[in-house]
Amino acid sequence: MLKSRSTAMFALFAATLATPALAQEKKVDPPKLQGHKEALIAEADAAWPKPPVEEQAVVSKGNVTVKGVAIAYSATAGTLTIRDDDGKPTASVFYTAYTKDGGGKRPVSFLFNGGPGSASLWLHMGSFGPVRVQTTSPDYVAPGAGALAPNPYSLLDKTDLVFIDAIGAGWSRPLGDKSGKDFWGVDQDADAFARAIMRYVTKNNRWGSPKILFGESYGTLRSGAVSALLEQRGMSLNGVVLLSTILNYGVRQPGYDQNYMVLLPGYAATAWYHQRLPNRPADLKAFLAEVRQWVSGPYAAALAKGSALPTDEAQAIARQMAAYTGLSEAFILRANLRIDLPHFQTELLRDQRVATGRLDSRYRLNVADANADAPDDDPASTAITGAYVSAFMDYAAKTLNYRTELPYKVSARDGSFDWDWRHRAPGARGAQLAPNTAVDLAYAMRTNPYLKVLFLNGYYDMATPFYGAEFDANHMLLPEPLRKNVSFTYYESGHMIYLNPQALAQLHDDLARWYDEVAR
């Protein structure tokens, strides 16, 4: 195959070079040569693997025991072809679905990671599927140690599960004349996911089933937009689960103080964990409740004054910040009371020549330069990537029996990746330059008063801090009767809460109770 491909490409190249000379001599492009060129182009083009236009589905069988009950299930690895409003195929979307055998019209949940541009192998291989990579956090997974094993915390006892890869990631690819840029944007991505979900529901006769979106990280922002699109297109959801939430990117723009406020309770949790507080409280939850109250009061008032803040007030704020974060007053004052995340990561344990993680601040990274003002990498990410990718590739080939010549892409991010951050919320007159899909989610909840939303938060998640999720939820400005449809749970873990087996057990039980309420 390689030899014939090379021969075809060389012949095409030679024919291309020869054509101008021949055309100039005869004044016309000979029909035979033109036809030969087209054939060579077609042959060379056919040599490369392409996503399937026709939908694929490979079904295998399995069993998993959850809470002492054996569950027989069917695993389907395949593709969904999404189409535009005229029926033209635009993309092939890879998914893996787990459905309980004989389950009837039980709930079906659509799960996806974020990025943007990430494949969904993290949720697939780590959280609620019937198998998961064995991890203990906050530790690096040694090569060969993160083997797959049956998952006793699978959510198959409560819902069928459909894991979806973003277009350009995993085995999801554009079709025809479409390219990645047609899908790489807030609204473009949300539209593609909404179409993929509706296609799955239609293809598998699941319109009568309770339906739940389950997004992680940027996938939570996607969930806000998709929930509104589905509602507008006639598919009302029963629930939305937001794991490690970022709905509002507007507050992260330079010059805004809100992000410093959002980060500070997470700094306090991190300092508490690493025992850097001068008077460390025994109760983390009570301590963070105190920090939240101070952040929304004195700290918010101080930041609002900007450079007009009197020196004595700034010193008092710095003193309290030092007590909460483990940083020195001098360091805090030099930063004008506004501590960027990379500075906190490198400063907290600088005397140990260690930086803390971003996705999970319990992780430590040995730094090459103890004077650095930002970590070289994120130890919470590098600790698991190799184990997850190798486990999925082995599982897809040997258990799911899915075969394709396409390369599996952990992320769509490459040289051509350029995300379009513009977003038009429901009812908006123009596009936001920094998206806030809490507006979309609030629209969906006001339209469908039965829609319930669950926020899952890790105390040590510095990528999408828990206090930010609380801020976003409080600023959805829902009427009082709808606020009861919003709930929060918290875990002593990081961004990928499920890496911690103890937290995963708690996650399952919290979600099981929520599903019982949402799907009844």
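Note that the structure is a prediction, hence the values are computed from the model and not measured. Note that the numbering runs from 1 along the sequence shown for the chain. Only this structure's heavy atoms are used, side chains among them; waters, hydrogens and symmetry mates stay out.
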side-chain hydrogen bond (donor to acceptor under 3.5 Å, both in side chains) partners of [X], counting only residues at least two apart:
X: Asp414; result: Lys409, Ser416
X: Thr489; result: Tyr491
X: Glu231; result: Ser236

Scan side-chain atoms only and decide if [X] and [Y] contain a donor-acceptor pair under the 3.5 Å cut-off.
X: Glu290; Y: Tyr324; answer: yes
X: His423; Y: Asp440; answer: yes
X: Ser109; Y: Tyr515; answer: yes

Exercise. Quick one: which of Tyr267, Phe287, Trp272, Phe466 gives a ring pair (Phe, Tyr, Trp, His ring centres under 6.0 Å) with Tyr459?
Worked result: Phe466
Non-neighbouring partners of [X] that pass ring pair (Phe, Tyr, Trp, His ring centres under 6.0 Å), sequence neighbours left out:
X: Phe94; value: Trp171, Tyr402
X: His343; value: none
X: Tyr363; value: none

For this session: With sequence neighbours excluded, give me every side-chain hydrogen bond (donor to acceptor under 3.5 Å, both in side chains) pair touching residues 295-318.
Result: Lys305-Glu313
Could you pull out all residues at least two apart from [X] that satisfy side chain to side chain contact (heavy atoms under 4.5 Å, CB included)?
X: Asn371; value: Asp369
X: Thr90; value: Ile82, Asp84, Lys178, Phe183
X: Tyr450; value: Asn448

For this session: Mark yes or no for whether Arg362, through its side chain, and Gly357, through its backbone, hold a donor-acceptor pair below 3.5 Å.
Result: no
For this session: Give me the ring orientation class for His124 and Phe163: parallel if the planes are under 30° apart, tilted from 30 to 60°, perpendicular past 60°.
Result: parallel
Exercise. So, is the end of the Arg132 side chain (NZ or CZ) under 6.0 Å from the ring centre of Tyr498 and within 45° of the ring's axis?
Worked result: no
Exercise. Asp510: what forms a salt bridge (Lys or Arg N to Asp or Glu O under 4.0 Å) with it, not counting sequence neighbours?
Worked result: Arg513
Exercise. Looking at residues at least two apart in the chain, or sitting in another chain, which of them share a salt bridge (Lys or Arg N to Asp or Glu O under 4.0 Å) with Asp378?
Worked result: none
Problem set entry | Electrostatic pair Asp516-Lys158, nearest N-O below 4.0 angstrom | yes
For this session: Might you work through the side chain to side chain contact (heavy atoms under 4.5 Å, CB included) test for Trp419 and Val186, ending with a clear yes or no?
Result: CA-CA 8 Å; Trp419 196 258; Val186 176; 3.7 Å; yes
